[in-house]
Amino acid sequence: MPLVTTKDMFAKAYEGGYAIGAFNINNMETIQGIVEAGKIEKAPLILQVSSSARKYANPKYLTRMVQAAVEDSGLPIALHLDHGDSYDLCVSCIKDGFTSVMIDASHHPLAENIKITSQVVKYAHDHGVVVEAELGRLAGVEDNVKVSEADSFYTDPEEAAEFVEKTGVDSLAIAIGTSHGAFKFKGEAKLRFDILEKVSELLPKFPIVLHGASSVLPEYVKMVNDFGGAMPGAKGIPEDMLRKAASMAVCKINVDSDLRLAFTAATRKHFAENPSHFDPRQYLGDGRTLVTECVRHKLVHVLGCAGKA
Ligand code: G3H
Ligand code: 13P
Ligand code: ZN
């Protein structure tokens, strides 16, 4: 089976009240760890690449490794550009074989966001590729840009409906209180489900995307801290909130920080227990194994997409 778009995945996820996991990839072990979990749990997957991941790994390596993952697993897998910041970057990824792109012009005023997104939609749809856009602004760190809580703002549901109608976009990331990175909440976690509800009333059956949706799993934070790391106060989105979102209009849940955390926790533990090791396969292998465990947990207990491939 070749790479697929997210169209069919999202239609089934909407109907079934579950979500597809969109996992960020940077290197071979992370790709293998995620795909192994998908194979065991028979789940469709979205593998997503940020522009800094493209710079780090070279797009040619990443796309070829994802093609290998498709061949090896036989799973429905979409290759997605995460937070594309320009028309040219989206076009370049489509030329490289991506089946889905995100154009993130959410920092522009509404009219400009509509204009840029519409241009990407036109090119992408002409080439059989789907498009995600964003409206509203999440707090947190993304591509080395830090958005403070004061500069973040929730999505306006009426604007979301207007945006989707004018751009013809295939899915929309909205801001309801999630944020990027491993330090999401100082106090109690709070998501604006009322905004999600209103958006889905105005846009029936339309797939919504949640960014900044790592749970920052406490057992991995503990492992990092137990083995020489220092991440006091790391805190993510409670899993019951993500399950609730997945049962509503949210069809795609983005996870990067939890994978980083799992990989780092396993590597730190490995070195603490084996200070003389210097073969990268030994510690990267442990990282890969914990990524698989982390993704399996999410597919089964958070996203609800196990068995849906
Ligand atoms: O939302 C951002 C993702 O976590 C990607 O992060 O730009 O550091 O690869 P990155
Ligand atoms: P996290 O930092 O919560 O994993 O979010 C990742 C993300 O939204 C990628 O686009
Ligand atoms: Zn994001």
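Counting starts at 1 for both ligands and their atoms, in listed order. Start at 1 with the first residue, then count along the sequence.
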What residue and atom, counting heavy atoms only, is the protein's closest point to [atom], and at what distance?
{"atom": "atom 9 (C) of ligand 2", "result": "D82 OD2, 3.1 Å"}
{"atom": "atom 2 (O) of ligand 2", "result": "S257 OG, 2.7 Å"}
{"atom": "atom 8 (O) of ligand 2", "result": "G212 N, 2.8 Å"}

Is H83 in polar range of ligand 2, meaning some N or O pair under 3.5 Å apart?
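Yes - when backbone and side-chain N and O of H83 are compared with those of ligand 2, one distance drops under 3.5 Å.
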
Between ligand 2 and V255, is the shortest N or O to N or O distance under 3.5 Å?
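No; the residue has no nitrogen or oxygen that sits under 3.5 Å from a nitrogen or oxygen of the ligand.
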
What atom name does the N, O or S atom of H211 nearest to the Zn ion (ligand 3) carry?
ND1

Atom of H180 nearest the Zn ion (ligand 3) (restricted to N/O/S, atom name only):
NE2

Residue part near ligand 1, for [X], under 4.0 Å between non-hydrogen atoms:
{"X": "D82", "value": "side chain"}
{"X": "H83", "value": "side chain"}
{"X": "R54", "value": "neither"}

Is E36 paired with R288 through a side-chain N to carboxylate O contact shorter than 4.0 Å?
no

Under 4.0 Å between a Lys/Arg side-chain N and an Asp/Glu carboxylate O for K122 and D126?
yes

Does the plane of the ring in H301 sit parallel, tilted or perpendicular to the ring in H297? Use 30° and 60° as the thresholds.
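Correct class here is tilted.
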
Parallel, tilted or perpendicular, judged at 30° and 60°: which one describes the rings of Y283 and F271?
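Tilted.
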
Could you tell me whether [X] atom [atom1] has more than 12 heavy atoms of other residues or ligands within 6.0 Å of it?
{"X": "Y61", "atom1": "OH", "result": "no"}
{"X": "E165", "atom1": "CD", "result": "no"}
{"X": "E273", "atom1": "CD", "result": "yes"}
{"X": "K235", "atom1": "NZ", "result": "yes"}

Between the main-chain N or O of H211 and the side-chain N or O of T178, is there a donor-acceptor pair closer than 3.5 Å?
yes

Counting from 1, what ligand 2 atoms have a heavy atom of [X] closer than 4.0 Å?
{"X": "K184", "value": "1 (P), 2 (O), 3 (O)"}
{"X": "G181", "value": "2 (O)"}
{"X": "N24", "value": "9 (C)"}
{"X": "H211", "value": "8 (O), 10 (O)"}

Does M102 have a heavy atom less than 4.0 Å from any atom of ligand 1?
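No, that is not the case, since the closest heavy atom of the residue is not under 4.0 Å from the ligand.
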
Below the 3.5 angstrom mark, is there an N/O of N26, backbone or side chain, next to an N/O of ligand 1?
no

Close N or O approach (S52, ligand 1; < 3.5 Å)
yes

Can you list the atoms of ligand 1 that are under 4.0 Å from a heavy atom of [X]?
{"X": "D256", "value": "3 (C), 4 (O), 5 (C), 6 (O)"}
{"X": "N24", "value": "3 (C), 5 (C)"}
{"X": "S50", "value": "5 (C), 7 (O), 9 (O), 10 (P)"}

Have a look at ligand 2 and work out which part of A213, if any, has a heavy atom under 4.0 Å from it: side chain, backbone, both or neither.
backbone

Measuring from atom CE of M9 to atom CD1 of I77, what distance do you get when rounded to the nearest 0.5 angstrom?
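Going from the CE atom of M9 to the CD1 atom of I77 covers 8.0 Å.
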
Quick one: which of K269, H277, H270, R268 gives a side chain to side chain donor-acceptor pair (under 3.5 Å) with D286?
H270

Only one of V169, I46, V209 forms a side chain to side chain contact (heavy atoms under 4.5 Å, CB included) with E132, so which one is it?
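For E132, the side chain to side chain contact (heavy atoms under 4.5 Å, CB included) check succeeds only for V209.
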
Residue from V255, I25, N24 passing side chain to side chain contact (heavy atoms under 4.5 Å, CB included) with I34
I25

